[in-house]
Number of protein chains: 2
Amino acid sequence: MDALQEQTRDRLLEAAGEIFAEYGFQAATIRDICRRGKANVAAVNYYFGDKRALYIAAVERAHCNTAGLINVVWPEGWTPQQKLRVFIRQWLEQQLAEDLPSWHMRLMLREMADPTDACVKLVEAYIRPMAETLRGVIRELTPDDLAERQGWMIGFSIVSQCLFYKVHRPIAELLVGRDEYTHFNLPVIAEHITRFSLAALGQGAPVTATSSLEQMS
Amino acid sequence: MDALQEQTRDRLLEAAGEIFAEYGFQAATIRDICRRGKANVAAVNYYFGDKRALYIAAVERAHCNTAGLINVVWPEGWTPQQKLRVFIRQWLEQQLAEDLPSWHMRLMLREMADPTDACVKLVEAYIRPMAETLRGVIRELTPDDLAERQGWMIGFSIVSQCLFYKVHRPIAELLVGRDEYTHFNLPVIAEHITRFSLAALGQGAPVTATSSLEQMS
DNA sequence: AAGTGTATGAAACAATTGTTTTAATTCAAG
DNA sequence: CTTGAATTAAAACAATTGTTTCATACACTT
């Protein structure tokens with residue numbers, strides 16, 4: 001009975017995650033969610049109470065399926081530079097993947113741009129682990145006596161560059177032109193952010209040095 | 001007659017700008033706008049037709065009052081490093097000013113994060129001038145043969161760092177802790193972004209070098 | 001002063017929203 | 001087969017939304 005009856009509840013959660021991720025909490029309608037979840041509108045109240053509780057539940061459920069958002073265990077012998085490059089690349093891959101069935105990243109990005117009550121949970125479950133991973137890499141790349149505050153700011157500088165190409169993508173496209181923007185693909189962006197950030201930390205040549213960008217464009 | 005009758009229309013535009021900037025297009029209600037503008041709900045349809053036209057008009061009006069968002073004319077003899085420092089600082093000042101009567105920046109940021117029809121106009125009127133200013137500074141800071149595409153990405157890297165502390169401020173505050181975040185004030189952030197970016201361009205010491213940050217915290 | 005067109009105000013409309021109610025259905029246990 | 005709780009379905013409810021209607025007040029012209 002459990003396995004079968006819970007079907008509706010699960011379908012509702014899955015549908016809610018997708019719809020909320022796409023439209024945001026306010027713009028998403030219960031009727032849309034129920035249509036996608038093939039459930040009656042009353043099911044939301046029956047299983048969750050109200051819309052907000054459904055949202056929270058959807059966010060919490062997303063936690064479980066989030067194994068390996070960003071790889072936390074690095075292979076032996078990797079240099080911190082390599083780790084940073086992979087971190088940035090994985091972040092961008094998760095972020096720019098549109099077709100992926102994983103709407104988790106989109107939900108997270110939406111919550112990051114317009115936080116709600118679920119924000120605290122999302123930070124602790126999603127974001128802090130990633131932040132700790134990044135801070136570990138940064139510690140390897142910087143002097144031992146680096147102030148913790150500066151470590152945070154360096155992390156923000158790196159992540160903010162990645163986020164830009166998702167959050168403000170429409171503006172970037174308008175600025176550089178639609179055709180030209182097609183060249184701003186994942187490898188190009190990842191390489192630039194990596195080189196820019198490493199140079200800022202005194203690792204590697206300045207980002208303006210003759211690079212291998214031509215090969216990928 | 002004109003000067004007097006237009007009062008309502010003007011009050012409506014002013015109120016619309018504030019409300020839209022605070023709540024966004026969808027969440028803002030016509031009744032809220034009319035209450036603040038001391039006008040009847042029918043006034044919106046009478047003067048503008050519908051809600052969307054009011055929004056567009058409010059955005060367009062904001063253009064006029066935007067003289068000097070970021071200073072475009074630099075004093076003689078300034079080094080590009082100084083210019084970049086001032087650009088970043090001014091951007092952050094505009095961005096973090098909460099009490100300021102200028103809701104223009106907030107409206108712009110909202111449009112940047114969740115673009116609507118007015119996005120194109122906003123880009124051309126607001127953002128492109130600033131982008132050109134920044135690109136001019138970047139050109140001074142980089143080799144002459146720098147690819148245009150790379151110039152854009154460097155600009156994005158700089159601006160994205162500034163935007164982060166506005167768009168994702170709630171997350172940053174949760175991550176570092178509310179008390180600690182009080183130390184992330186404007187001078188500290190501006191100094192970090194400037195040094196980080198200059199170092200990335202091969203100008204100045206890496207951001208991790210002993211800095212003058214302690215003096216301001 | 002009468003008339004005219006503009007502007008305002010109160011009310012109503014139609015659509016959509018989250019939520020609740022109430023009845024029908026399902027399904028396992030006695 | 002009956003019973004009874006759990007689930008689903010349809011409808012209605014109450015509140016809010018953008019929008020419209022229509023009557024009134026006002027300013028200006030003739």
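Since the structure is predicted, the reported quantities are computational estimates derived from the model, not experimental observations. Within every chain, numbering begins at 1; the chains are lettered A, B, ... in the order of the sequence lines, protein sequences first and strands thereafter.
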task: Spell out, as yes or no, whether a donor-acceptor pair under 3.5 Å connects the side chain of T182(B) to the backbone of R178(B).
output: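 Checking the backbone N and O of R178(B) against the side chain of T182(B), no donor-acceptor pair under 3.5 Å is found.
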message: Between D50(B) (side chain only) and A53(B) (backbone N and O only), is there a donor and an acceptor less than 3.5 Å apart?
response: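 Between the backbone of A53(B) and the side chain of D50(B) there is a qualifying donor-acceptor contact (under 3.5 Å).
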Between [atom2] of [N] and [atom1] of [X], the distance in whole Å:
X: F48(B); N: dT8(C); atom1: CZ; atom2: P; result: 11 Å
X: L54(A); N: dT17(C); atom1: CG; atom2: C1'; result: 15 Å
X: D32(B); N: dA15(D); atom1: CG; atom2: P; result: 18 Å
X: Y46(A); N: dA9(D); atom1: OH; atom2: P; result: 13 Å
X: R11(B); N: dT8(C); atom1: CZ; atom2: C1'; result: 11 Å
X: N45(A); N: dT20(C); atom1: CG; atom2: P; result: 5 Å
X: I30(B); N: dT16(D); atom1: CD1; atom2: C1'; result: 13 Å
X: Q7(A); N: dT26(C); atom1: CD; atom2: C1'; result: 14 Å

field: Touch class at under 4.0 angstrom, heavy-atom based, for A27(A) against every strand present
entry: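 No contact at all - A27(A) keeps every heavy atom at 4.0 Å or more from the nucleic acid.
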- prompt: Looking at T8(A), does any N or O in its side chain come under 4.0 Å of the phosphate oxygens OP1/OP2 on dT8(D)?
  reply: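 Yes, such a contact exists.
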query: Looking at Y47(A), does any N or O in its side chain come under 4.0 Å of the phosphate oxygens OP1/OP2 on dT8(D)?
result: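 Yes, because at least one side-chain N or O of Y47(A) sits under 4.0 Å from OP1 or OP2 of dT8(D).
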message: With a sphere of 6.0 Å drawn around CD of E132(A), does it hold more than 12 non-hydrogen atoms of other residues, nucleotides or ligands?
response: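 Enclosed: over 12 neighbouring heavy atoms sit under 6.0 Å from CD of E132(A).
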- request: Take atom CD of E148(B) as the centre, draw a 6.0 Å sphere, and report whether it contains more than 12 heavy atoms from other residues, nucleotides or ligands.
  value: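 At most 12 heavy atoms, drawn from other residues, nucleotides or ligands, come within 6.0 Å of this atom.
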- prompt: Taking the six-membered ring of F20(A) as reference, does the NZ or CZ atom of R110(A) fall below 6.0 Å from its centre and within a 45° cone about the axis?
  reply: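 Cation-pi check for R110(A) and F20(A): fails.
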message: For Y55(B) and E111(B): C-alpha separation, side-chain torsions, deciding distance, then whether side-chain hydrogen bond (donor to acceptor under 3.5 Å, both in side chains) applies.
response: CA-CA 11 Å; Y55(B) 180 73; E111(B) 193 70 22; 2.4 Å; yes
query: Can you check salt bridge (charged side-chain N to carboxylate O under 4.0 Å, His left out) on R85(A) and E191(A), steps first, answer last?
result: CA-CA 8 Å; R85(A) 171 167 276 108; E191(A) 183 67 17; 3.5 Å; yes
Range-with-range stems of DNA chain D (Watson-Crick or G-U pairs under 3.5 Å, three or more in a row):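 Correct response: C:1-13 with D:18-30, C:18-30 with D:1-13.
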Close N/O contacts between protein and nucleotides 9-12 of chain C (under 3.5 Å):
unit_1, atom_1, unit_2, atom_2, d
dA10(C), N7, N40(B), ND2, 3.3

query: Should the pair F87(B) and W91(B) be assigned to parallel (<30°), tilted (30 to 60°) or perpendicular (>60°) ring geometry?
result: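 Because their plane-to-plane angle lies in the 30° to 60° range, the rings of F87(B) and W91(B) count as tilted.
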- prompt: Parallel under 30°, tilted from 30 to 60°, perpendicular over 60°: which one fits the rings of F184(A) and Y181(A)?
  reply: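 Because their plane-to-plane angle is under 30°, the rings of F184(A) and Y181(A) count as parallel.
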message: Taking the minimum atom-to-atom distance to the side chain of D50(B), which one of dT19(D), dT17(C), dG18(D) wins?
response: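 Ranking dT19(D), dT17(C), dG18(D) by closest atom to the D50(B) side chain puts dT19(D) first.
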